[in-house]
Structures are given as C-alpha cells and as structure tokens.
Amino acid sequence: MVWLVGLSLVGRVFPEFPITIKLSVAPAVGISVLAIVFHIFSLFGAGIEKGTVFLVMLATILLARSWPKLLELVRSTVREKDDILRWTIPILIIVLVHWAVYTYPTDNVDNFFHATKIEYMLRYDTTYPPVVPVFDVLTYPAGYHSLASFVMILSGEKVIPTVMLELRLWEWAFLAMGIYALSCLWFGRRVANYTLLAMLSVNLLHYYLLVYIAPNFLGFYFFAVLLAIFVQMSEKLDMKYLILVLISVGAVLVHPYSYQNYVFVALVCLALKFLSEGLSIRRFVFLFKRAFILFVIPLFVHAIINPYFWFPSLAHVELEYPWASYIWDVVPKLAVFHGRNPRDTWGYFELFTKWATVRNGNYLGLLFMILGGIYLVYKREFRRKGLSLVAFFAFVMFLILDRLTINVPVPFYSTAAIERMFLWLVPVFPLFVGAGLSWFGELVSKPAIREISKKTLYLSVVGAFFLIPAVGTAHDLLSAEANFYVWADNLEDFLWISGNFPSVTVLNSCTLDSAEWMPFFEPQSNITVLFNSRIKGCRIWNMTPSKFAAKMFNESQILPGYIAYIDTNAPSLNPLDFFQKYRLLRVNGNNWIFDLSSLNASMNEKTAALALRLCGDSIPGNTEKYGKYFVYGFKKKYFGVRSQYLRGLEYAWMDSREGVVGFTPCKDYRGLWIELYSPTEQTTNVTVNGKPILKDLELKAGENRLEILAPLPRDRLTFVSLSVEKEPLVIREIKLLAES
C-alpha cells in the first residue's frame with residue numbers, strides 16, 4: 001500500500017521517468033507520507049491508529065485517481081521488459097540471499113531498542129509516548145518505527161520481531177532500488193545495470209549480514225533517492241521541489257545521518273555547478289535560495305512535526321527507569337559528540353577497510369572501485385556528479401582519521417562511531433564498482449582487440465569478480481545470523497511460560513540472553529523480565545543479575561510470582577546455583593527454568609536427568625547439536641562459533657574460568673577423557689559431582705587429553721566441572737570410557 005501511494009504520486013510528478021525509476025523512488029515517497037502523517041496525528045493527539053485509517057483512505061483516493069496511469073505503467077512493461085528484467089532479477093537475488101540466512105533480529109543491543117520503541121508507539125498509540133523506558137525512545141527518529149507500526153496495525157501481527165524480520169528483507173530491496181535510481185539518473189542505464197550486479201559482490205554490503213541497524217539501513221536508501229531526484233530539479237519551482245522536500249522530511253524522520261550526508265553531496269554538487277557556470281552575484285543568490293528551499297525548509301518542517309528531537313527539554317515524559325537515562329545524557333549527543341567509542345581504534349579501522357576491499361581475495365572489486373572513481377571524474381559528462389561522490393568519500397575518510405587522531409568534533413557528522421561513518425559509503429561503493437565494470441566493458445570493446453579475445457577477456461575478468469568473493473565469504477557470512485539469540489528452544493519455552501505463567505516476573509541472565517525478548521514473542525501475556533542489556537544496562541539501580549541471585553541464595557528468599565529463566569548461552573547465571581535450592585520446572589535444550597516461589601528441590605535431579613539423558617559414548621564439541629550438555633560457561637550463539645563449525649572445527653568454547661558439562665549416561669562407565677585445546681600453558685582442576693579428581697594439572701599450549709577416572713553410574717545425573725587459572729579452553733570432544 002505504501003509503495004502504491006508513492007507510485008501514484010511519482011507517476012504524476014515525474015511522468016518522464018522510466019518505470020524502473022518510478023518503482024525505485026516510490027517507496028521513499030510512500031514511507032515519507034506515512035511517517036509525516038503519523039507524527040502530525042500524534043502531535044495533535046489523534047493517534048497512529050487514526051493515522052492508519054487516514055492513510056488507507058488517502059491510498060484509496062490516490063489509487064482511484066491514478067488508476068489509468070498505473071494501468072499504463074503495467075502495459076508499458078511490455079516495451080520496457082529488458083529494463084524490468086535487468087532491474088528485477090538482481091534485486092530478487094539480493095533479497096533471496098538474505099532470506100536464506102536471516103533469522104529473527106534478536107541481538108541484545110540495537111534491535112532490542114528499536115523493538116522497544118515500536119512497542120511503546122503501539123502501546124500508547126503515538127509517536128510521542130508519555131511513558132518511556134529511557135529518554136532515547138522519545139528522541140530517536142520514528143520513521144522506521146512508524147513503518148513497522150503501520151504494518152502491524154494493518155496486518156494484525158502482534159509479534160514485533162516478525163515484522164522487523166520482514167522489513168529487513170524489504171529494506172534490501174529498497175536499497176537496491178535506491179542505488180539503481182541514483183546511478184541511472186546520474187550516470188545512465190548502463191552504469192545502473194552494472195551497479196545492481198555489483199551489489200551481489202561488494203563486500204561492504206555483505207558486512208551487513210553481521211552488522212544490521214534497521215533505521216540506518218533504510219536511511220541509506222533515502223540518501224540514494226534524495227540524490228537521484230536532486231539532479232532533476234529545474235530552474236523554476238514546481239511540484240518536483242515539493243516531492244524532494246517531502247522525501248527530505250521523511251529521511252530526517254528515518255535517520256538524520258541519511259539527510260546530512262545527502263546535504264553534503266548536494267552542496268558539493270551545487271558548488272561545482274556554481275564554479276563551472278562562472279562567478280556572479282546573481283547566480284550565487286539563485287543557488288543560495290535553491291539551497292535554502294532544498295535543505296532548510298525540510299528541517300523547518302521536521303522541527304514542527306517532531307519538536308522533541310530538536311528541543312528534548314520540552315518533553316514531559318515519565319521515565320520508567322530513571323537511573324538508566326536522563327535528558328542531559330541525550331541532549332549533548334544530538335549535535336556534537338566528544339570522546340571516542342570503545343571500538344574507535346586503528347585495529348578496528350583496519351578490520352572494516354579490509355572487509356570492504358581486499359577481504360576474501362576480492363582484489364578485482366577494489367580495482368573496479370578505484371577504476372570507477374577515476375572514470376566518473378575523467379568522463380566529462382559525469383565529472384561534476386562524480387567529483388561530488390568522490391568528495392563525500394574523502395570527507396568520510398577525513399572524519400574517521402580525525403576521530404582516530406586529533407579528534408576535533410565536526411557538528412552532526414562526528415556523532416557517529418567510525419564504523420557507522422564508514423558504512424555511510426554503502427550506497428557509494430557499488431556505484432563506483434558498477435562504473436568501473438562499465439568502463440572496463442567500454443575498454444574491452446575497442447576495435448584494437450579481436451572479437452573472440454574481447455569476449456574471453458571480458459567473461460574471464462567479470463566472472464572472476466563475482467566468483468572469487470563468493471567462494472571466500474561462505475563461512476563467516478553464512479554463520480553471521482548465529483549471533484542472534486532466540487532459537488527454536490527459546491520460542492518453545494516462551495510459549496510454555498506464557499501458557500503456565502500468564503502473569504510472572506522473570507529473573508534472567510541478561511548477558512547474551514534470549515529471555516529479554518520473551519515479552520515481544522508473547523505479547524498477550526503479562527510477563528515482566530527483570531534485566532535487559534539495551535534499556536537498563538543489565539542493572540536495577542546497582543543490582544546485577546548475579547548480585548540479585550546471590551542475595552536470594554544468602555537469604556533463602558521465596559519470591560511468589562517469580563521464575564528464573566536461565567539461557568545457558570555464554571557465561572551467565574549458573575543453573576547449578578539454583579539447582580540445590582529452588583524447584584526445577586523444566587530443562588529444554590539450552591534453557592533451565594526454576595520456580596522461585598518454591599524451595600522444594602526434591603525432584604530436581606530426576607527432572608534434569610531426563611532432560612540430559614545421553615545414550616551415546618561421546619559428547620562432541622558442537623554446541624549447536626549438543627549444547628544442552630554444556631550447561632554453564634560456554635558461548636553457543638555467536639557467529640564465530642558457527643563459522644568454526646562450517647570450517648569443520650567443532651569445538652565448544654568455554655568462555656570463562658569455569659565450565660560445567662552435565663549428562664545422564666544410559667549405561668555404566670568407568671570414567672571419561674576430554675580432548676581440549678588451551679591457548680597457553682596453565683593449570684586446570686576437574687571435579688565430578690563436586691568431588692575433586694584432578695588438581696593443578698598442567699596443560700600445555702595446544703592440544704591436550706585429560707583422562708578422568710571416576711565411576712559414572714547408569715541413569716545417574718553427572719556434572720563435570722573444569723576450572724582454569726588464565727585463558728578459556730575449547731573442548732573438541734568428551735569420550736565416555738566403557739567398563740572393561
């Protein structure tokens with residue numbers, strides 16, 4: 001519906017656009033209308049649900065009035081079928097590649113924050129909720145969240161992560177459309193077609209299998225569309241200016257970075273135009289007025305419909321967690337950020353620059369990117385626009401190097417971490433690569449090269465450009481989604497808890513933890529999770545999960561209406577600390593659930609023994625398949641773990657000074673041996689069911705095998721604990737020793 005709203009407006013204002021450009025620009029127009037309507041309705045107290053009704057009515061009217069033109073567009077696809085195919089197929093492939101690997105966006109930082117903002121907008125029916133968990137929820141731009149809320153209201157979907165997952169795929173399509181529109185309107189169809197193909201291979205884009213921030217990513221699309229339409233402005237004011245202002249407001253509502261970057265490139269482009277046409281007062285005044293209309297008016301409109309972003313001190317909201325956020329924590333960071341992000345280091349700069357260029361043997365990609373930049377500056381008809389993009393690339397690199405050296409703040413632009421700054425180049429890199437591929441094609445087609453040699457050279461080089469990165473990127477990129485923390489066993493337990501405890505408070509680990517997502521996946525229940533990482537910083541005042549648990553244990557507290565949900569991914573709360581004191585309700589995969597209102601632990605061993613039954617002779621180190629046996633101290637849901645598995649290195653990562661393995665053998669054993677790897681020489685201690693077996697055993701750096709002789713009775717729950725003094729261990733396999 002949003003796409004069709006935009007298409008009806010774009011078709012009227014830009015009838016000269018080819019259908020592929022109209023389709024590419026339309027979502028930006030529709031999303032802008034949606035975000036503006038939601039903010040205006042919220043500002044006047046009408047609410048986003050009424051805004052949704054208004055949008056449906058508006059869509060119906062626009063579609064009715066534009067129906068003949070839309071039908072004409074459909075009929076025109078026969079004449080433009082080659083363009084449509086060149087536009088559609090790469091976009092579909094890009095979306096399908098990400099559909100194949102994406103899971104629920106449930107990491108512990110950015111996505112949790114954005115899910116929370118969507119939740120509060122829906123709960124209070126406004127983009128300006130009167131009660132917020134932290135002040136950032138109010139001041140963070142709500143464009144992306146308005147789109148998600150609109151989808152949820154219309155579809156009736158209650159699970160926010162489901163909609164966020166769907167929008168991730170749509171945003172990949174939008175980004176491809178935006179980059180296509182930019183390259184086509186600036187440099188022509190040939191470069192645009194190559195640019196779409198380049199998106200399949202540019203490593204910087206694949207980086208987003210690992211790092212994904214929803215509003216920023218949607219903002220890259222707006223950046224590209226704004227620049228694409230910007231060059232269509234004529235000397236006189238007309239409806240095109242209105243559309244550009246509309247999309248500009250939408251861009252600021254999605255994320256200000258996209259708008260400020262567009263302003264930089266557009267200003268450079270205007271300045272070059274001014275210099276090329278000759279210096280004159282009249283021309284300068286004209287360009288100044290044009291810049292005012294293009295860049296200042298959208299900010300003025302945004303200031304009216306979203307005043308709390310500009311003036312947070314005007315907000316009168318109730319903070320649910322006042323210790324976690326104060327207004328003056330937010331305000332100074334809106335324009336100028338002093339200091340450095342923890343990851344603003346030379347080492348991290350080297351990491352992501354290699355990722356975007358030569359990583360995985362992608363030297364041809366780097367070569368084409370450099371060639372493309374030279375080509376866009378060298379070719380006369382592209383020079384001004386090409387210089388604008390090259391200047392933006394240089395400016396971003398300057399910002400990064402400034403942060404890493406003297407660190408002089410540049411207002412607005414220096415508020416981002418260096419990784420975010422570098423990712424501003426996401427829409428630019430494939431365009432440079434596409435231009436380089438296009439230039440290479442022109443050079444190869446010169447008459448001096450024989451026809452058969454042309455085809456051989458062209459196919460060999462272009463084929464290598466796509467195949468080399470494809471071969472080299474599989475392990476880490478395909479494993480990236482393992483960094484998200486809600487798996488099938490978590491969803492089963494969320495449903496089980498909701499069905500058995502419709503109103504409950506959950507004590508959770510917080511660190512790399514799935515539990516904080518429980519209310520999002522069971523929105524109909526009344527579940528309160530005590531700790532979360534993004535909003536509360538894993539704190540209740542100065543109380544952490546471990547301190548909370550220690551206080552319970554020391555005082556043998558009974559907490560009616562409370563359960564403990566321990567996701568054993570990574571070192572967190574140790575379920576064995578609860579095992580001796582509180583009633584164990586359920587063990588399911590990686591998760592242990594305790595009833596904190598009951599000190600009756602008499603059935604705990606039976607419950608755990610059934611869940612940890614082991615009828616084989618070994619426990620391999622693959623925690624994806626055998627994670628339930630690694631009950632404490634092991635990192636399981638992390639892309640590095642799965643990446644190692646794809647390489648055939650099946651180790652369980654003990655990510656703390658202690659790790660516990662639990663199992664119930666189906667027959668009697670006389671002991672076990674453990675194959676493990678230690679990064680350094682150090683000592684280890686091993687206990688079996690609390691009894692010391694090996695004490696201060698020397699481990700060598702590298703591979704080790706520990707033989708542990710201790711009776712392991714059939715159907716008896718057994719816990720083997722390893723502790724080390726220095727570095728964590730990785731376990732390859734645990735082998736049970738049969739009685740001779």
Side-chain angles (χ1 to χ4, degrees), residues 18-21 24 80-94 97 175-206 224 227-228 231 356-358 360-390 393 425-472:
I19 183 171
T20 52
I21 302 298
S24 297
E80 297 181 294
K81 63 179 180 179
D82 288 342
D83 279 345
I84 290 289
L85 284 175
R86 291 192 183 101
W87 179 83
T88 302
I89 292 174
I91 292 174
L92 282 177
I93 294 173
I94 289 167
V97 165
L175 180 65
M177 294 175 196
I179 294 175
Y180 174 86
L182 172 60
S183 56
C184 187
L185 293 179
W186 279 39
F187 307 117
R189 289 182 180 177
R190 178 183 171 86
V191 173
N193 290 332
Y194 276 113
T195 299
L196 269 187
L197 291 176
M199 286 188 68
L200 298 172
S201 187
V202 175
N203 274 333
L204 185 64
L205 292 166
H206 294 321
L227 287 177
V231 296
T357 54
V358 299
N360 300 310
N362 192 26
Y363 297 100
L364 281 173
L366 176 61
L367 175 63
F368 284 128
M369 185 175 69
I370 295 171
L371 283 176
I374 295 171
Y375 175 67
L376 294 179
V377 175
Y378 163 77
K379 204 164 180 67
R380 180 179 296 274
E381 61 265 35
F382 297 159
R383 188 167 297 161
R384 178 164 57 89
K385 299 167 186 173
L387 278 172
S388 303
L389 294 177
V390 170
F393 177 88
L425 300 174
V426 161
V428 177
F429 273 21
L431 199 156
F432 282 173
V433 175
L437 285 167
S438 177
W439 195 18
F440 175 73
E442 289 181 16
L443 294 175
V444 170
S445 65
K446 296 292 183 183
I449 303 175
R450 289 188 306 167
E451 193 65 32
I452 188 168
S453 300
K454 292 178 188 178
K455 293 180 179 178
T456 303
L457 177 63
Y458 181 77
L459 291 175
S460 299
V461 174
V462 175
F465 167 69
F466 287 104
L467 290 177
I468 292 173
V471 171

If you take all heavy atoms of A198 and P430, which pair is closest and at what distance?
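Heavy atoms only, the tightest pair is CB-O, 3.8 Å.
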- Item | Heavy-atom closest contact (F429 atom, A356 atom, distance) |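 Smallest interatomic distance, heavy atoms only, reads CE2-CB, 3.8 Å.
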Note, [X] side chain near [Y] side chain (heavy atom, < 4.5 Å):
X    : Y    : result
L185 : I21  : yes
T195 : F187 : no
L389 : F393 : no

Under 3.5 Å, sequence neighbours excluded: what are the donor-acceptor pairs made by side chains of residues 84-93?
unit_1	atom_1	unit_2	atom_2	d
W87	NE1	S24	OG	2.9
T88	OG1	I84	O	2.7

Salt bridge (charged side-chain N to carboxylate O under 4.0 Å, His left out) contacts touching residues 182-203 (sequence neighbours left out):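 For residues 182-203: D83-R189.
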| What salt bridge (charged side-chain N to carboxylate O under 4.0 Å, His left out) pairs are there with at least one residue in residues 191-206, not counting sequence neighbours? |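 Output for this query is empty, none listed.
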dist Y194:OH -> W439:CH2 (nearest 0.5 Å) comes out at 14.5 Å
Side-chain donor-acceptor pairs of residues 366-385 under 3.5 Å, sequence neighbours excluded:
unit_1	atom_1	unit_2	atom_2	d
Y375	OH	E442	OE2	2.8
R383	NE	V377	O	2.9
R383	NH2	Y378	O	2.9

task = With side chain to side chain contact (heavy atoms under 4.5 Å, CB included) as the test, would you mind laying out the steps for V191 and W186 before giving the verdict?
result = CA-CA 9 Å; V191 173; W186 279 39; over 6 Å; no
Using atom types as modelled, flag every donor-acceptor pair under 3.5 Å from a side chain in residues 176-183 to any protein atom, sequence neighbours excluded.
unit_1	atom_1	unit_2	atom_2	d
Y180	OH	T20	OG1	3.3
S183	OG	I179	O	2.9
S183	OG	Y180	O	3.1

